[in-house]
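Notes to accompany the following structure.
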Amino acid sequence: MTLLTTPQEKAELLEAAVKGRSLWEDARRRLFRNKAAVGSMIVLGTLTFLAIFGPFFWPHDYETIYNDRVLQAPTWEHLHIFGTDPQGRDLFVRLLYGLRMSLAVGLVATGVSLLIGVIWGATAGYIGGRVDQIMMRIVDVLYALPFIFFVIILMVVFGRNLILIFVAIGAVEWLTMARIVRGQTISLRKKEFVEAAEAAGVTSASIVTRHIVPNVLGPVVVYVTLTIPAVILTESFLSFLGLGVQEPMTSLGNLISIGAREMEIAPWLLIFPATTMMITLFCFNFIGDGLRDAIDPRDR
Amino acid sequence: MLAYTMRRLMVAIPTMLVIIAVAFFMMRLAPGSPFDTERALSPEIRAQLMSFYGFDKPLYIQFLDYLKGLATFDLGPSLIYKDQTVSEIIGSGFPVSMTIGLAALLLATFVGVPMGLFAALKQNSLPDYSIMAIAMAGICIPSLVTGPILSLVFGVYLGWLPTAGLDLGKMTFETLLLPVVTLSLAQIAIISRLVRSSAVEVLRSNFVRTARAKGLPEGQVLAKHALRAALLPLVSYLGPACAGLITGSVVVETVFQLPGIGKNFVTSALQRDYPVVMAVVVLYAGLIILLNLLADLAYGLLDPKVKYE
């Protein structure tokens with residue numbers, strides 16, 4: 001920043017100072033200046049739109065089997081632009097369904113983890129003392145579990161149930177969330193502005209909604225954007241092992257596992273789903289990083 | 001230090017008990033049994049099998065029996081492979097998994113650390129940005145994508161390396177190269193990011209400025225002062241890294257058809273071979289707890305600011 005300012009700039013600065021910007025508006029400005037994050041949002045938005053609405057306009061259905069067009073390479077004929085799979089189903093529409101499923105798992109399971117984690121962490125942090133110690137010790141013990149093994153056992157013994165996938169993955173991911181929320185809550189309770197608000201006679205409900213929640217929200221939002229790709233990965237990992245969603249429904253991991261099996265004769269079955277998955281994960285990570293830089297300016 | 005270690009070990013015991021209990025009861029309460037075969041067994045044979053393996057006793061007695069077995073390192077027989085004990089199955093798979101895991105960890109450290117340091121030294125330049133872009137790719141691209149693609153390129157198209165399969169006892173450089181590389185990619189990415197951010201911070205700190213100010217050559221500043229501090233966070237990351245490698249090995253062993261523990265675990269879980277599944281969970285949980293403790297202790301030894309009481 002330069003020290004010399006023209007009168008015009010000075011006026012603008014003053015204006016900005018007078019108008020004031022909220023924490024969130026500041027963060028939004030910083031986020032939209034981050035090209036990687038903005039680009040990712042556009043790409044991800046387009047992909048999501050395609051995944052949700054694309055299948056309605058595509059001439060093929062995800063479970064229609066064309067016996068005469070098995071393992072066809074990508075072609076404009078019959079509009080199999082991404083080719084067909086070993087059962088003779090259109091890959092493009094299956095990819096859209098798979099992406100839809102992966103995104104849904106990502107959002108719902110993250111929602112589950114958010115719900116458990118925020119309630120657990122906020123309770124422990126707010127009550128403090130004994131309760132806090134016991135609750136966080138439970139988290140410590142759970143942290144040591146090789147969770148992926150438990151998820152695998154769960155999927156095997158209780159069948160491949162879609163709701164179970166959501167809940168199981170969500171139940172795995174809440175631990176870090178609880179720690180983050182607890183730490184934030186504790187440090188916020190001792191901050192001067194909270195003390196000031198208390199001294200000024202603000203009710204504790206107002207303090208929670210006006211001061212604690214907005215400040216806890218930042219790190220939580222960042223962590224959520226980074227949890228979604230982790231969840232998508234876990235689901236695809238399960239599907240890859242044959243434990244995730246069941247045929248004829250599909251997910252990105254399921255498509256990749258089929259592709260990996262057929263890659264020697266039909267590489268497109270691996271390349272398209274793998275690329276889609278990489279793009280999706282890239283986008284989430286860039287958005288997450290962008291959000292972190294935007295919300296937590298200390299880190300820049 | 002000793003007291004700290006003892007306390008950590010004391011916490012580890014209930015943790016292990018919880019893990020064993022959760023895994024045990026989850027599997028026993030689930031529908032289905034290891035004796036579900038294509039043809040239904042006659043009730044007499046079934047009852048005999050159940051009593052042979054002790055499945056007819058009350059559940060809590062079975063649990064206590066299992067704990068007793070564990071305490072004497074008796075993991076019991078496999079329910080599917082009648083001629084093998086669980087210890088034999090684990091014993092044949094563990095060396096494979098451990099070789100891959102250790103090799104991947106070494107590779108990740110020896111590639112990731114220089115990458116991170118280099119990026120930190122050239123902060124905000126083209127090399128820095130490209131290294132961080134590569135690291136981002138490493139984090140975003142899961143092993144279930146890199147594994148098949150690597151084996152497609154190097155195994156099928158170029159034909160340089162075998163794509164899959166590993167004969168027991170014949171672990172050669174060629175057969176292990178692709179699995180190890182696949183497993184290490186994500187860790188390389190994480191380690192280089194970690195090292196970069198800590199090195200950037202260290203290079204900005206006062207003691208490095210002092211070292212430069214007193215006229216030390218840059219090489220000595222880095223080797224004697226900056227490096228040790230910059231690598232500290234890496235030590236505490238080694239615990240989680242091992243956990244990541246263990247999880248990753250399940251995919252890698254499936255992709256490359258390696259007879260390791262991860263692959264064993266999935267097949268055993270599908271066949272409801274309870275003792276094998278339990279043994280893998282116990283073994284890996286114990287390993288993760290132990291490695292985390294070792295990482296924390298090493299951190300305490302290396303960082304004079306940290307004191308364990």
Side-chain angles (χ1 to χ4, degrees), chain A residues 36 137-138 140-159 226 229-230 232-234 236-243 252-253 256-265 267 269-271 273-286 288-289 299, chain B residues 11-12 14-19 22-23 26-32 133 136-137 139-149 151-152 155-157 163 197 240 243 246-248 250-251 254-255 262-263 265-266 268-272 274 277-278 280-289 292:
Chain A
R137 186 51 53 83
I138 292 174
D140 288 344
V141 169
L142 292 179
Y143 243 109
L145 299 186
F147 254 117
I148 195 68
F149 292 93
F150 280 97
V151 175
I152 291 176
I153 297 178
L154 256 183
M155 300 315 296
V156 169
V157 294
F158 293 109
L226 296 174
I232 292 178
L233 259 181
T234 312
S236 57
F237 177 82
L238 288 175
S239 290
F240 186 82
L241 299 175
L243 300 170
L252 290 180
I256 290 172
S257 90
I258 296 171
R261 244 178 281 142
E262 307 286 342
M263 65 183 180
E264 289 174 32
I265 41 171
L269 283 177
L270 176 63
I271 291 165
T275 315
T276 311
M277 178 154 194
M278 285 191 294
I279 294 174
T280 314
L281 295 178
F282 259 117
C283 289
F284 275 115
N285 274 302
F286 277 130
D289 277 5
D299 230 31
Chain B
V11 179
T15 309
M16 281 305 286
L17 273 178
V18 170
I19 293 172
V22 170
M26 216 157 83
M27 298 210 60
R28 289 300 156 84
L29 295 175
M136 188 63 150
I139 287 174
C140 290
I141 309 175
S143 57
L144 53 103
V145 171
T146 42
I149 287 182
S151 91
L152 181 67
V156 179
Y157 289 159
T163 49
S197 68
I246 285 172
T247 313
V250 180
V251 164
T254 311
V255 170
K263 176 129 180 44
F265 178 80
V266 178
S268 307
L270 285 170
Q271 295 170 328
R272 287 164 208 282
Y274 300 137
V277 174
M278 286 294 301
V280 176
V281 171
V282 171
L283 176 70
Y284 276 165
L287 260 182
I288 292 174
I289 292 176
N292 270 318

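Proteins get letters first, then strands, A, B, ... in listed order; numbering begins at 1 in each. As the structure is a computational prediction, the values presented were derived from the model and not from experiment.
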Query raised in the report: Rounded to the nearest 0.5 Å, how far apart are CE of Met278(A) and CD1 of Ile149(B)?
Result: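 The distance works out to 5.0 Å.
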Report task. Could you grab the distance from atom OG1 of Thr254(B) to atom CZ of Phe237(A), nearest 0.5 Å is fine? Result -> 7.5 Å
Query raised in the report: Just wondering, do Leu144(B) and Ser236(A) contact through their side chains at under 4.5 Å, heavy atoms?
Result: yes
Query raised in the report: Should Ile141(B) and Leu281(A) count as side-chain neighbours, where that means a heavy-atom distance under 4.5 Å?
Result: no
Query raised in the report: Can you say whether Phe286(A) sits under 4.5 Å from chain B via the side chain, the backbone, both, or neither, judging by heavy atoms?
Result: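 Both backbone and side chain.
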Report task. Using non-hydrogen atoms and a 4.5 Å limit, figure out which bit of Phe240(A) sits close to chain B: side chain, backbone, both or neither. Result ->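 Only the side chain of Phe240(A) comes within 4.5 Å of chain B.
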Query - Interface moiety of Leu287(B) toward chain A, non-hydrogen atoms closer than 4.5 Å - result: neither
Query raised in the report: Is chain A contacted by the side chain of Val251(B), its backbone, both, or neither, given a heavy-atom distance below 4.5 Å?
Result: both
Report task. Among the options Val280(B), Thr146(B), Val250(B), pick out the one with the most heavy-atom pairs lying under 4.5 Å from chain A. Result -> Val250(B)
